[in-house]
K.L.:
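Below is one structure. I have some questions about it.
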Amino acid sequence: MRLVGVLLVVGACYAPSPAPGAPCSDDTGCPSELRCLAGTCQRSATTTPDAPVGSHGDAMTDSPVGGPGDADGDGVPDATDNCPHAANADQGNEDGDALGDACDPCPISTDNTDGDGDGVGDACDPHPLAAGDRIVAFDGFHHGVPMGWQTIGTVDASGDDIVLEGVANNHTVLLAPVDATTNMTTFTSVTVMGTHGTFDATFAIGSPYDPQQDQGIFCSMYSPSAQNTANREVSIFDTLTGNVKGRRLFNWLNGTRYTMSFTRAMGTNYTCTAAGQTGNAPVTSMPAASKVGVYTYAATASVGYVLVVAGP
Ligand SMILES: [Ca+2]
Ligand SMILES: [Ca+2]
Ligand SMILES: [Ca+2]
Ligand SMILES: [Ca+2]
């Protein structure tokens with residue numbers, strides 16, 4: 001009882017500064033780096049710098065937010081901004097190259113060669129010789145579950161990964177904020193940390209996937225028994241018909257990082273690559289909803305990134 005009282009008092013005292021977009025009547029109602037414009041706190045090219053030029057303020061505070069030296073207004077000076085023309089205050093950079101996730105043509109590879117010039121680097125481009133591809137969703141999970149992504153079950157931040165907590169005989173899902181289209185490739189990296197229960201276990205990319213009915217087309221790393229690694233496989237699983245296609249027997253291991261990609265072409269031609277094993281098969285089933293995401297059944301999985309590229 002006493003602890004609850006203390007928490008209530010702390011909660012009542014906590015009054016964060018208004019964020020950009022918060023209503024205001026004058027500048028005093030906004031944080032120092034924002035102005036009250038048209039009734040809301042906004043970044044402004046005329047915002048007064050925090051410290052006068054030539055003072056001991058560092059480069060970040062000397063540079064006016066949104067003004068000269070910070071073209072995208074994200075608070076990081078152009079000189080050190082890993083995406084000077086894309087607002088990315090967190091400077092997230094999954095592959096550690098010179099470009100932040102927000103402007104990297106292939107945020108999962110340091111090779112940013114883009115042969116067809118469509119803005120998607122060859123290593124991320126399902127059609128590296130044909131223009132028209134575009135990155136429609138990417139997250140490296142530097143800060144837990146991203147805004148706008150949907151979860152089913154328990155999904156937690158863990159370092160620079162996100163962990164889908166496995167439950168025996170049940171599923172856990174993380175869905176990107178985009179719908180599956182007829183030509184689409186989804187990439188992920190995953191370490192299956194553990195498999196649970198006495199039945200089967202899997203980690204998969206689902207695209208398209210219907211979260212309401214828990215039905216879809218999956219690119220799976222599948223284990224017939226959660227308790228051992230015998231007869232494990234990489235396969236395409238159509239849960240609407242129960243058909244398994246493009247099967248490749250492969251003894252994938254818990255505790256090892258693998259990359260996966262799942263391509264849907266012309267709506268019905270699927271290619272699943274996981275742990276270096278590739279299967280291809282036609283699948284005509286269509287779930288009622290067309291979401292895209294990563295999925296575990298009776299498996300705890302640490303996921304490094306999810307990248308979704310839509311094709312022409
Ligand atoms: Ca930026
Ligand atoms: Ca990068
Ligand atoms: Ca390209
Ligand atoms: Ca292309």
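Ligands are counted one by one from 1 in listed order, and the atoms in each one are counted from 1 as well. In this chain, residues are counted from 1 in sequence order. All figures in this text were calculated on a predicted structure; none of them were measured in a lab.
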K.L.:
Which atom, among the N/O/S set of Asp133, is closest to the Ca ion (ligand 4)?
P.N.:
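The Ca ion (ligand 4) is closest to the Asp133 atom OD2, counting only N, O or S.
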K.L.:
Please name the atom of Asp118, limited to N, O or S, that comes nearest to the Ca ion (ligand 4).
P.N.:
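Sorting the N, O and S atoms of Asp118 by distance to the Ca ion (ligand 4) puts OD2 first.
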K.L.:
Distance-only, no hydrogens or angles: does the Arg232 side chain make a donor-acceptor pair with backbone N or O of Trp252 under 3.5 Å?
P.N.:
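Yes, the answer is positive, given that a donor and an acceptor are paired below the 3.5 Å cut-off.
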K.L.:
Quick one: do the Asp90 and His143 side chains pair a donor with an acceptor below 3.5 Å?
P.N.:
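Side-chain D/A pair, Asp90 to His143: present.
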K.L.:
Any chain of hydrophobic side-chain contacts (each under 4.5 Å) joining Tyr295 to Trp149?
P.N.:
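Not linked; separate clusters.
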K.L.:
Would you name the N/O/S atom of His127 that lies closest to the Ca ion (ligand 4)?
P.N.:
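Within His127, restricted to N, O or S, the Ca ion (ligand 4) is closest to atom O.
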K.L.:
Is any N, O or S atom of Ala130 under 3.0 Å away from the Ca ion (ligand 4)?
P.N.:
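An N, O or S atom of Ala130 is closer than 3.0 Å to the Ca ion (ligand 4), so yes.
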K.L.:
Rounding to 10°, state the angle centred on the Ca ion (ligand 4) that links OD2 in Asp116 with OD2 in Asp125.
P.N.:
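Reported to 10°, the angle equals 80°.
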K.L.:
How wide is the angle at the Ca ion (ligand 2) between OD1 of Asp97 and OD2 of Asp104, to the nearest 10°?
P.N.:
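Rounding to the nearest 10 degrees gives 90°.
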K.L.:
Has Arg257 got a side-chain atom pairing as donor or acceptor with Ser302's backbone, closer than 3.5 angstrom?
P.N.:
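It does hold such a pair.
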K.L.:
Honestly curious: do Val173 and Ile162 fall in one hydrophobic cluster under the side-chain, below-4.5 Å linking rule?
P.N.:
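No.
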K.L.:
If you leave out waters, which protein N, O or S atoms are less than 3.0 Å from the Ca ion (ligand 1)?
P.N.:
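Checking every protein N, O and S atom gives Asp72 OD2, Asp74 OD2, Asp81 OD1, Asp81 OD2, Cys83 O, Ala86 O, Asn88 OD1.
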K.L.:
Would you compute the distance between atom OG1 of Thr113 and atom CG of Asp122 and round it to the nearest 0.5 angstrom?
P.N.:
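That separation rounds to 6.0 Å.
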K.L.:
In terms of side-chain geometry, is the basic nitrogen of Asp210 or Lys291 positioned less than 4.0 Å from the acidic oxygen of its partner?
P.N.:
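Looking at Lys291 together with Asp210, the answer is no, because their closest N to O distance does not fall below 4.0 Å.
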K.L.:
In Å, rounded to the nearest 0.5 Å, how long is the span from SG of Cys272 to CD1 of Ile236?
P.N.:
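So the gap between those two atoms works out to 5.5 Å.
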K.L.:
Checking ring pair (Phe, Tyr, Trp, His ring centres under 6.0 Å) for the pair Tyr305/Phe187: CA distance, chi angles, key distance, verdict?
P.N.:
CA-CA 8 Å; Tyr305 57 78; Phe187 301 83; 7.9 Å; no
K.L.:
To the nearest 10 degrees, calculate the angle at the Ca ion (ligand 2) involving OD1 of Asn93 and OD1 of Asp95.
P.N.:
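Value returned, to the nearest 10°, is 80°.
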K.L.:
Taking atom CZ of Phe250 as the centre, does the number of heavy atoms from other residues, nucleotides or ligands within less than 6.0 Å exceed 12?
P.N.:
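Yes, enclosed.
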K.L.:
Check whether any N, O or S atom of Ala98 sits under 3.0 Å from the Ca ion (ligand 2).
P.N.:
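No.
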